[in-house]
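Shown next, in structure tokens, is the structure this report addresses.
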Protein chains: 2
Amino acid sequence: MMTDEALSALAALAHPTRLAAFRLLVRHEPDGLTTGELVEHSGLTQSTFSTHLAVLAKAGLVRSEKQGRNQIQRAEIGALSALMLFLAKDCCGGRAELCEPLLAELTCC
Amino acid sequence: MMTDEALSALAALAHPTRLAAFRLLVRHEPDGLTTGELVEHSGLTQSTFSTHLAVLAKAGLVRSEKQGRNQIQRAEIGALSALMLFLAKDCCGGRAELCEPLLAELTCC
DNA sequence: ATCATCCATCGGTAATAACCGATAGGTGTG
DNA sequence: CACACCTATCGGTTATTACCGATGGATGAT
């Protein structure tokens, strides 16, 4: 993952509405949710939420698929993994000792 | 890590200058760098960079320590780990199979 | 004591992002 | 074909953020 991709992923998640939507989508993998359901959860206007969704999509964190007249949204777990790997390499690159506690916590969950 | 903390950490890292500074600090653990050195790397004004540094500090990603008339900045690896754990729990919570590839990559680095 | 250095904060401007209502393009239904 | 529904995009306003120069407090050197 390039720095620019990481930046847009970070920016996409750095918003309450988008982070909540993304986490909700992760919990609904692999079925996904329709845009309308996400809008309801967000409490925002359909148009406002749509732009948030576009940010997530542009960052590669969410992919959408048309199903009838609904749009199914799904979390792109691979993008999340890539982002975490990007962050992890900052400390693990050459200094694995710094990441050891992190790995210990991750493997237990 | 609470959602608000994760949000401020994400927002702090979602900026080219701040992400670069943070990564640089991680690479210079545990010695740290002075604010002046970071300013040089950033290519920005001292005042502008100082506000960026404040964002990182407020998010708990950087802690500073006074040393003479210099201010030594250090990356807070624990905060990075906490953020990654926060993100990881989204997919690992109840569905460890999604995080398996991530863990495989992490343990190898 | 004086002076230079380092850095945080203030004031102000310009750019960016968030939000809404309204519109319009598709898609299924009657 | 007409109609209702779902969703993306446009136009415009407001709020937030980024950036700079300038100021001032603190520290070390002369």
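Note that the coordinates shown come from a computational prediction; the quantities given were computed from them, not determined experimentally.
In this structure, Arg74(A) contributes its side chain and Pro30(A) its backbone to a donor-acceptor pair below 3.5 Å. In this structure, the side chain of Arg18(B) does not engage the main chain of Val55(B) through any donor-acceptor pair within 3.5 Å. A distance-only check finds a donor-acceptor pair linking the side chain of Ser8(B) to the backbone of Glu5(B) [under 3.5 Å].
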Item checked: side chain to side chain contact (heavy atoms under 4.5 Å, CB included) between Val39(A) and Leu44(A), worked out -> CA-CA 6 Å; Val39(A) 168; Leu44(A) 295 176; over 6 Å; no

Note to self: Gln71(B) vs Thr34(B), test: side chain to side chain donor-acceptor pair (under 3.5 Å). Steps then yes/no.
What the structure shows: CA-CA 5 Å; Gln71(B) 201 82 12; Thr34(B) 67; over 6 Å; no

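Atom NE2 in His52(A) sits roughly 15 Å away from atom C1' in dT7(D) (whole-Å rounding). The distance between atom CD of Glu37(B) and atom P of dT5(C), rounded to the nearest whole Å, is 17 Å. Atom CG in Leu7(B) sits roughly 12 Å away from atom P in dT17(D) (whole-Å rounding). Here the P atom of nucleotide dA8(D) and the NZ atom of Lys58(A) are 15 Å apart, to the nearest Å. Atom CD1 of Ile72(A) and atom P of dT27(C) are 15 Å apart (whole Å). Taking atom CG of residue Leu33(B) and atom C1' of nucleotide dC6(C), one finds them 15 Å apart after rounding to whole Å. As rounded to whole Å, 13 Å separates atom P of dA18(D) from atom CZ of Phe49(B).
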Check: How does protein reach along nucleotides 8-17 of chain C, written 5' to 3' as B (base within reach of a heavy atom under 4.0 Å), S (only sugar-phosphate), or - (no contact)?
Finding: BB--------

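Between Met84(B) and Leu87(A), the shortest heavy-atom contact is SD-CB, 4.0 Å. The two residues Leu56(B) and Ala21(B) have their closest heavy-atom pair at CD1-CB, 4.5 Å.
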Any N/O pairs under 3.5 Å between the protein and nucleotides 27-30 of chain D? List them or say none.
none

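Cluster membership for Leu24(A) and Ile77(A), using ILVMFWY side-chain heavy atoms within less than 4.5 angstrom, is shared.
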